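Everything on this sheet refers to the single structure shown next.
These figures come from a predicted structure and were not determined experimentally. What's counted below: heavy atoms across the whole structure, side chains too, no hydrogens, waters or symmetry copies. Note on naming: letters A, B, ... go to the chains in the order of the sequence lines (proteins, then strands), and numbering restarts at 1 for each one.
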Amino acid sequence: MARKRKPASASSEDEINVTPLMDIVFIMLIFFIVTSTFVKEPGVDINRPEAETAREKKFASILVAIDAENKIWIDKDEVPLEAVRGQVEQLKAENPKGTAVVQVDARADSRYLVEVVNQVRDAGVGDIAVSTDPKS
Amino acid sequence: MRRTSHTRATGGDAEVNVTPLMDIVFIMLIFFIVTATFTREKGIDVRTPEETPPDDQSIPPPALLLALQKDGFVRVNNVRIIDPLSTKPVVEEFMAREPKGVVLVSAAPDSQAGLAVTVMDQAYAGKAAAVSLTLQND
């Protein structure tokens, strides 16, 4: 309404005030930049064991999965047990502050869980956790 | 240059053309939205002892040994066998007796990892300060 009364506008098309839009977009952009962590998911479906004392693991960037057939997965690749340490060292170099989470299937053997945790610890990661589901 | 020649500008302030800026910002926003992965992992801490010499299976004085057998039952201090889901009261009783005690979960190599996690969870629920996970080497 107010615009129409102005006989000589700055340009031929009517301009919309984009400042509030830009404010929101910038805030969203900063939020996503800050919260984005480039996590390499193992990419296998894991039937996690249930636990009641589980705590939220923040900055979990090193993910190792052990599926029900005792196969070990890192970054969507199957990894032999001996190679876990090298792979974890690479992931740790990419994200030095990240902690490690081992996603172990409830039907996997304990041998693999302990061996993988040992290798992750040997790679220099101090904070290692086993991923669990909340008790239903 | 062109703007200043307008004698009757719409606003008092000179406006900057923000369209290219907005293009870049939108592209970055879309990139970060698409690549954002929110990993919400919940887990329990697991610790393994640094070195396990062969004679380490003997019980150090203030330690509770929970040996997870292949059949899924838990042998407590090599004397009695209980169900994994009933280890919490055992650990509570042990921690009341030995406040500085440590709980050692010793899993058989071919036992189910889910049960080992359950035993560790029960130990933490029983107020255990330190829970270690090892393998039985028999």
Does [X] belong to the same Ile/Leu/Val/Met/Phe/Trp/Tyr cluster as [Y], with side-chain heavy atoms less than 4.5 Å apart forming each link?
X        : Y        : value
B/Leu64  : B/Met95  : yes
B/Phe73  : B/Val91  : no
A/Val44  : A/Val120 : no
B/Val103 : B/Ile81  : no
A/Ile46  : A/Val64  : no

message = Check this for me, if you would: do A/Asp133 and B/Lys42 make a salt bridge, where the nitrogen-to-carboxylate-oxygen distance has to be below 4.0 angstrom?
response =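 B/Lys42 and A/Asp133: not salt-bridged.
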
key: B/Asp121 side chain vs A/Thr53 backbone, donor-acceptor pair below 3.5 Å   =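 Side chain of B/Asp121 to backbone of A/Thr53, a donor-acceptor pair under 3.5 Å: yes, one is there.
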
inquiry  = I'd like to check the side-chain hydrogen bond (donor to acceptor under 3.5 Å, both in side chains) partners of A/Glu89; sequence neighbours left out, ordered by chain and number.
reply    =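 If we apply the side-chain hydrogen bond (donor to acceptor under 3.5 Å, both in side chains) test to A/Glu89, skipping adjacent residues, the hits are A/Arg85.
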
Does [atom1] belonging to [X] count more than 12 external heavy atoms closer than 6.0 Å?
X       : atom1 : result
A/Asp23 : CG    : yes
B/Arg75 : CZ    : yes
B/Arg97 : CZ    : yes
A/Lys76 : NZ    : yes

From B/Arg47 atom CZ to A/Ile128 atom CD1, the distance as rounded to the nearest 0.5 Å =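 Going from CZ on B/Arg47 over to CD1 on A/Ile128, the span is 10.5 Å.
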
request  = State the CE-CZ distance between A/Met22 and B/Phe26, to the nearest 0.5 angstrom.
outcome  =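 These two atoms lie 8.5 Å from each other.
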
task = Flag the one option from B/Thr19, B/Val117, B/Ile44 with the top tally of heavy-atom pairs under 4.5 Å to chain A.
result =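 Looking at each of B/Thr19, B/Val117, B/Ile44 in turn, B/Ile44 comes out on top.
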
ask   = So which of B/Gly114, B/Ala125, B/Gly43 has the largest heavy-atom pair count under 4.5 angstrom toward chain A?
value =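 The candidate making the most pairs under 4.5 Å is B/Gly43.
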
Heavy-atom distance under 4.5 Å to chain B: side chain of [X], backbone, both or neither?
X        : answer
A/Val101 : side chain
A/Val104 : side chain
A/Ile66  : neither
A/Asn47  : neither
A/Glu50  : backbone

key: For A/Phe32, the option from B/Val34, B/Leu29, B/Ile30, B/Thr35 that meets side-chain contact (heavy atoms from CB on, under 4.5 Å)   =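 The passing option is B/Leu29.
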
inquiry  = For residues 108-117 of chain A, give me every residue with a non-hydrogen atom less than 4.5 Å from any non-hydrogen atom of chain B.
reply    =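 Result: A/Ala108, A/Asp109, A/Ser110, A/Arg111, A/Leu113, A/Val114, A/Glu115, A/Val117.
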
key: For A/Ser131 against B/Glu41, the heavy-atom pair lying closest together   =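 Closest approach of A/Ser131 to B/Glu41, heavy atoms only: OG-OE1, 2.8 Å.
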
key: side-chain contact (heavy atoms from CB on, under 4.5 Å) between B/Met28 and A/Ile33, intermediate numbers included   = CA-CA 9 Å; B/Met28 283 171 71; A/Ile33 287 178; 4.3 Å; yes

key: Check: B/Val18 and A/Val18 side chains under 4.5 Å, non-hydrogen atoms   =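 Yes - at least one pair of side-chain heavy atoms lies under 4.5 Å apart.
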
